[in-house]
Protein chains: 2
Amino acid sequence: MSSRVPEERRRRRPTRSGVLLSEDLIVGTALRLIGEHGSEALSVRRLGAALGCDPTALYRYFHDTDDLVLAIADRIIGDAMAGFVPGDDWVASLREMALRVRAGYLAHPRAAALAAHRVTRRTSEIQAVDTGIGLLLSAGFEPAAAARMYLAFIDTVLSHAATEAAFLALPGQQREADRRAWRDVYQDLDPVAYPALTAVRRELPGMADSSFEEAVDLLLEALAARAPTHRASTGGSSPG
Amino acid sequence: MSSRVPEERRRRRPTRSGVLLSEDLIVGTALRLIGEHGSEALSVRRLGAALGCDPTALYRYFHDTDDLVLAIADRIIGDAMAGFVPGDDWVASLREMALRVRAGYLAHPRAAALAAHRVTRRTSEIQAVDTGIGLLLSAGFEPAAAARMYLAFIDTVLSHAATEAAFLALPGQQREADRRAWRDVYQDLDPVAYPALTAVRRELPGMADSSFEEAVDLLLEALAARAPTHRASTGGSSPG
DNA sequence: GCCTTACGTCAACAGGGTTGACCCAATGTG
DNA sequence: CACATTGGGTCAACCCTGTTGACGTAAGGC
């Protein structure tokens, strides 16, 4: 059922509407479908209709729907990490990795909400994990620590990205209501019951903003503090 | 459709099997169903069967499935934070807060996965935000910094908890496949193409474990390092 | 030009959420 | 006590979903 046959060996026969199917075409069409009509628009039948083929033809390329979702997730990772080369500064490199992954997810918020928590087991993900762990090894961490630290790092990045993507995937009305909540509901509170909120009252509208970079920076600070070898460049000297 | 009629005014008529329905009973039964028969057990038909009533009777109490999920989420939040009182050690208190929220989500992963990214604006949430920001103010942070730090903290906690809940909410087959991926796929890789993964090969099965506590500890370390005033008690001396 | 078989197609099944009609009994009123 | 009202439990039905097995056709190797 699944794509056990190598891509080049396939006997690609045009569908009734003349389209030549391929894994890439299916994944790309699924991403477009989700981006245009929401993550609930991704169904085998709808995808078949969008591709111009019988829905069950997809089962010749993917074992089941979950297999397709994993392929979509790996495509997002691959696009996000395309052309990335780690530099000398491992902290800066991990930071760029975080920002790239986040940007990739935010580019497809509805698909990200579907695929963010999965292990794709495919090449793009494997490549990214190798790069990230390599950076931590270069920082002097022992293998066991490097693996654990990378897991904490990437889970934080992916979790935050998924949260932001889920927020962007909300219908505009609910999204704005959530954003306004910090301005409206949290402004007229009993000072006795909520002293801390009253003290920081003027800062609360900012709670609707993203905490992604702040959280990543805090995590990287802790990692740098734990690293056996100190960072090569502490003064921001070395360019790109 | 929804529960516009006050609970006490309801004309509660026993079902065919003699059960008296109520919002509380339905929510409780839904939680029990999820806990006993796995995450995929929550469906209107199954819930009706478990309650001993026609499935569509639920629509007299909740507008739709989403409405029911939100009611469940509200119960979870209330239960998780019930009885929590912050102690003298602000780091330890934030840590307990994180663990409580996480435990509440993991106890009901399916419901949590569906409602984790919503802003409730209800008293439990407001109370929690006040407590958390109060702890950061007691650490010496200025109002603006306290608000930003709390946002980074709670977003990390909620994002990680949602990720873990989403994983547990997966159908058992997909969940096990994701877990096995780190043992199977990642073991036979080309050492030249993936040098870092090869170096930490023996540590990779642990990648299926949770990074929640590691991530929270790293974040709290960074917060403690940034705090203007040092922690009051470093040796665990003061009793409750 | 044959033979094999990959793969697109079709019909069907089991499960899902949701709706509208139906009707009984619980409740408010006299 | 009796009546009118209506809340709410029940039932049948609709349309959606993922997935499977049979079927046949055309593509590629020889």
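A note on names: the letters A, B, ... follow the listed sequences, proteins ahead of strands, and every chain is numbered from 1. As a basis for the values below, the full set of heavy atoms in this structure was taken, side chains included, without hydrogen atoms, waters or symmetry mates.
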**Message:** Using a 4.0 Å heavy-atom cut-off, does Arg45(B) contact any base of the nucleic acid, only the sugar-phosphate backbone, or nothing at all?
**Reply:** base

**Asked** Leu42(B) has an atom CG; how far is it from atom C1' of dG15(C), in whole Å?
**Response** 15 Å

**Asked** Does Arg95(A) come within less than 4.0 Å of Glu213(A), counting only side-chain N to carboxylate O?
**Response** yes

**Request:** Decide, yes or no, whether a salt bridge links Glu125(A) with Arg122(A) under the criterion of side-chain N to carboxylate O below 4.0 Å.
**Result:** no

**Prompt:** Between dG15(C) atom P and Leu47(B) atom CG, what is the distance in whole Å?
**Reply:** 18 Å

**Asked** Taking the side chain of Pro14(B) as heavy atoms from C-beta outward, which of dT9(C), dA26(C), dT10(D) is closest to it?
**Response** dA26(C)

**Prompt:** The side chain of Thr56(A) lies closest to which of these nucleotides: dT10(D), dG16(C), dT19(D)?
**Reply:** dT19(D)

**Request:** To the nearest Å, give me how far apart CZ (Phe62(A)) and C1' (dT19(D)) are.
**Result:** 16 Å

**Prompt:** Which nucleotide in the list dG8(D), dA22(D), dC11(D) gets nearest to the side chain of Arg60(A)?
**Reply:** dA22(D)

**Message:** Assess whether a salt bridge exists between Arg16(A) and Asp54(A), defined as any Lys/Arg side-chain N lying under 4.0 Å from an Asp/Glu carboxylate O.
**Reply:** no

**Message:** How many whole angstroms separate atom CG of Asp54(B) from atom P of dT19(C)?
**Reply:** 15 Å

**Option passing side-chain hydrogen bond (donor to acceptor under 3.5 Å, both in side chains) with Asp155(A) (candidates Ser210(B), Ser211(B), Ser159(B))** = Ser211(B)

**Request:** Kindly say if Ser43(B) contacts the phosphate of dG16(C), meaning a side-chain N or O under 4.0 Å from OP1 or OP2.
**Result:** yes

**Item:** Value in whole Å for how far the P atom of dG18(D) lies from NE2 of His63(A)
**Value:** 15 Å

**Request:** Verify the contact: side-chain N or O of Arg46(A) to OP1 or OP2 of dC16(D), cut-off strictly under 4.0 Å; return yes or no.
**Result:** no

**Separation of atom CG in Leu51(A) from atom P in dT9(C), rounded to whole Å** = 11 Å

**Closest listed nucleotide, where the reference is the side chain of Tyr61(A) and the choices are dT19(D), dG8(C), dG9(D)** = dG8(C)

**Message:** Which is more 5' along DNA chain C, the nucleotide nearest Pro55(A) or the one nearest Val44(B)? Just name the residue.
**Reply:** Pro55(A)

**Basic-acidic side-chain contact under 4.0 Å: Asp24(A), Arg75(A)** = yes

**Asked** Start at the 5' end of DNA chain D and walk down; is the nucleotide closest to Arg16(B) or to Thr65(A) reached first?
**Response** Arg16(B)

**Request:** Starting from P on dA6(C), measure out to CG on Leu20(A) and report it in whole angstrom.
**Result:** 18 Å

**Prompt:** Between atom OH in Tyr59(A) and atom C1' in dG18(D), what is the gap in whole Å?
**Reply:** 5 Å

**Prompt:** Out of dT17(D), dC11(D), dA6(C), which has the shortest distance to the side chain of Arg13(A)?
**Reply:** dA6(C)

